[in-house]
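One structure below.
Residue numbers count from 1 along this sequence.
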Amino acid sequence: MTDVLITAGELAEFLKQEPCVVIDTRNPEAYGAGHLPNAVNVHEIFTYLATSTPEGIHELKTKFADAFGAAGLSGKETAVIYEQSMNSGFGQSCRGYYLLTMLGYPKVKVLHGGYDAWAAAGLPVTEDVPSPVKASFSVLPEAGDILIDASTMLAAVGKPGIALLDVRDIDEWIGESSSPYGKDFCPRKGRIPGAVWLEWYRMMKPTAEGPRFKSKNEILAECATVGITQNTPVYLYCFKGARASNTFLALKNAGVKDVRMYFGSWNEWSRDPALPIEEGLPMEAKLTTKAA
């Protein structure tokens, strides 16, 4: 695949050569204080909490097809998505990339390093708000295969060969907190049974300019620590599909062939008492499983 990530310098040239729609995923205050020229603010890319019922998936697709169409994406333009920096927005620019890919949009780039990288390079920023021309946005139904629902996730629990990959922060993985919105935002704390864990930050490394994605081989080395290869089917989840989108981009860039996401994630799973969870420290859960 062509690399989804584009540096600030590359993007400055790319914008001169190709028709693009630039999408700012940050909150309206950050956007108002300065953004890339002609960038359209679509903060819902980050805030929207999805469910994986048929109605919920339909609403998700309709909502974002409308939002991306309103931003001016017709299929001819490259969608360029950015956030503040790669680790400050919980993967929100990558969530935009995931949503566009799931809807079947053909050309998507993510600004590597976000707004901070653009500003640090001395490239122009503005407070002017554009008036995009609404476009007709087409959804490709078959592209939606990368979105899985709770029942598909449940069917994969205990199934050898499929890696259920939890990428949440440590306090969520060990069951001390239910979400980044607060410890008790969700009714249950814990994990999907049998999940392996790679904290989403591990897809990136610090540089003098701020966090950047690791190389393909570095990402594959991280995956190998939990038994994932390029041929392992991976079902990702986090709290609401943002941090998992950051990992989704990393795994796809590293050549992992079959990566899907349970987009409802912990926010949905924890609210259905019929769905199983593992609680307590993961080490205890694994020991218990073996003893049984």
Side-chain angles (χ1 to χ4, degrees), residues 27 46-52 83-95 98 148-150 152-154 156-158 162-206 210-211 213-214 219 222-228 234-251 259-292:
N27 66 43
F46 178 59
T47 55
Y48 186 77
L49 294 175
T51 56
S52 68
E83 57 187 285
Q84 189 73 32
S85 66
M86 298 323 288
N87 68 334
S88 59
F90 286 100
Q92 66 193 62
S93 58
C94 303
R95 197 180 201 236
Y98 175 81
I148 57 178
D149 60 14
T152 305
M153 202 68 174
L154 180 61
V157 170
I162 296 177
L164 307 184
L165 181 57
D166 186 324
V167 302
R168 296 173 300 162
D169 291 24
I170 181 104
D171 57 343
E172 295 161 84
W173 168 249
I174 66 174
E176 284 182 1
S177 175
S178 72
S179 86
Y181 289 88
K183 284 196 170 196
D184 299 311
F185 183 81
C186 296
R188 299 191 292 170
K189 303 180 183 81
R191 303 161 297 287
I192 295 177
V196 293
W197 178 64
L198 282 178
E199 198 169 18
W200 69 290
Y201 295 112
R202 281 173 61 181
M203 298 297 129
M204 300 179 288
K205 61 183 176 184
F213 278 98
K214 291 178 175 175
I219 286 164
E222 293 288 357
C223 289
T225 65
V226 291
I228 292 172
V234 179
Y235 290 4
L236 288 168
Y237 78 97
C238 58
F239 166 70
K240 65 172 183 185
R243 291 167 290 178
S245 294
N246 179 289
T247 306
F248 180 87
L249 190 160
L251 296 185
V259 188
R260 305 174 195 220
M261 197 195 309
Y262 170 41
F263 202 68
S265 279
W266 191 254
N267 182 57
E268 179 181 52
W269 189 274
S270 65
R271 295 179 193 284
D272 183 348
L275 294 171
I277 63 169
E278 275 180 3
E279 297 174 88
L281 282 175
M283 294 74 82
E284 294 165 4
K286 295 222 169 16
L287 288 170
T288 315
T289 313
K290 277 183 186 156

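Every residue two or more places apart in sequence or in another chain that forms a side chain to side chain contact (heavy atoms under 4.5 Å, CB included) with Ser85 is listed here: Asn87, Ser88, Asp116. Partners of Trp269 by side chain to side chain donor-acceptor pair (under 3.5 Å), not counting sequence neighbours: none found. Checked against ring pair (Phe, Tyr, Trp, His ring centres under 6.0 Å), Phe213 has the following partners two or more places apart in sequence or in another chain: His112. Remark: Asp184 pairs with Lys189 by the side chain to side chain contact (heavy atoms under 4.5 Å, CB included) rule, at least two apart or across chains. Annotation: ring pair (Phe, Tyr, Trp, His ring centres under 6.0 Å) contacts of Phe263 (sequence neighbours excluded): Tyr98. Every residue two or more places apart in sequence or in another chain was checked for a side chain to side chain contact (heavy atoms under 4.5 Å, CB included) with Pro206, and none qualifies. Residues satisfying the side chain to side chain donor-acceptor pair (under 3.5 Å) test with Tyr48, not counting sequence neighbours, are Glu59. Annotation: side chain to side chain donor-acceptor pair (under 3.5 Å) contacts of Glu172 (sequence neighbours excluded): Arg243. With sequence neighbours excluded, the residues forming a side chain to side chain contact (heavy atoms under 4.5 Å, CB included) with Ser52 are Ile57, Asp149, Ala150, Tyr262, Glu268, listed by chain and number. The salt bridge (charged side-chain N to carboxylate O under 4.0 Å, His left out) search around Lys205 returns Glu218, not counting sequence neighbours. Shown here are the side chain to side chain donor-acceptor pair (under 3.5 Å) partners of Arg271, two or more places apart in sequence or in another chain: Asn267.
Side-chain atoms of Cys94 and Thr247, non-hydrogen and from C-beta on, never get closer than 4.5 Å to each other. Contact of the Met153 side chain with the Ile148 side chain is registered, since non-hydrogen atoms from C-beta on lie closer than 4.5 Å. In this structure, the side chains of Tyr235 and Leu165 stay at 4.5 Å or more apart for every pair of heavy atoms. Contact of the Met203 side chain with the Leu198 side chain is registered, since non-hydrogen atoms from C-beta on lie closer than 4.5 Å. In this structure, the side chains of Leu275 and Arg188 come closer than 4.5 Å at one or more pairs of heavy atoms. Counting only heavy atoms from C-beta outward, the side chains of Cys238 and Met261 never approach each other to under 4.5 Å. By the 4.5 Å heavy-atom criterion applied to side chains, Val167 and Arg202 are not counted as neighbours. Side chains of Glu199 and Asp169 form a contact here, defined as non-hydrogen atoms less than 4.5 Å apart.
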*Would you sort out whether Ser177 and Phe185 count as a side-chain contact (heavy atoms from CB on, under 4.5 Å), showing the intermediate values?*
CA-CA 8 Å; Ser177 175; Phe185 183 81; over 6 Å; no
*Check against side-chain contact (heavy atoms from CB on, under 4.5 Å), Leu251 and Leu236*: CA-CA 10 Å; Leu251 296 185; Leu236 288 168; 4.3 Å; yes
_Verdict with reasoning, Lys214 to Glu222, per side-chain contact (heavy atoms from CB on, under 4.5 Å)_ = CA-CA 10 Å; Lys214 291 178 175 175; Glu222 293 288 357; 2.6 Å; yes
*asked:* Under the criterion side-chain hydrogen bond (donor to acceptor under 3.5 Å, both in side chains), I'd like the reasoning laid out for Trp266 against Asp166: C-alpha separation, chi angles, the key distance, then a yes or no.
replied: CA-CA 10 Å; Trp266 191 254; Asp166 186 324; over 6 Å; no
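Using modelled atom types, no side-chain atom of Gln92 and backbone atom of Phe46 make a donor-acceptor pair closer than 3.5 Å. Checking side-chain atoms of Ser178 against main-chain N and O of Lys183 turns up a donor-acceptor pair under 3.5 Å. Side-chain N or O atoms of Ser245 include none that pairs as donor or acceptor with a backbone N or O of Phe248 at under 3.5 Å.
Judged by the 6.0 Å and 45° rule, Lys240 forms no cation-pi pair with Tyr181. Under the 6.0 Å distance and 45° angle rule, Arg168 does not count as a cation-pi partner of Trp200.
Going from atom CD1 of Ile219 over to atom CG of Leu249 covers 8.5 Å, rounded to the nearest 0.5 Å. Tyr201 contributes atom OH, which lies 11.5 Å from atom CD1 of Ile170 (distance to the nearest 0.5 angstrom). Rounding to the nearest 0.5 Å places CD of Glu176 at 7.5 Å from CG of Leu281.
When every heavy atom of Val157 is checked against every heavy atom of Pro193, the shortest pair comes out as CG1-O, 3.7 Å. Shortest non-hydrogen contact noted between Ser93 and Glu83 is OG-OE2, 2.6 Å. Nearest heavy-atom pair across Ser270 and Pro187 is O-CG, 3.4 Å.
Residue pairs meeting the salt bridge (charged side-chain N to carboxylate O under 4.0 Å, His left out) criterion with at least one member in residues 85-95: none, sequence neighbours excluded.
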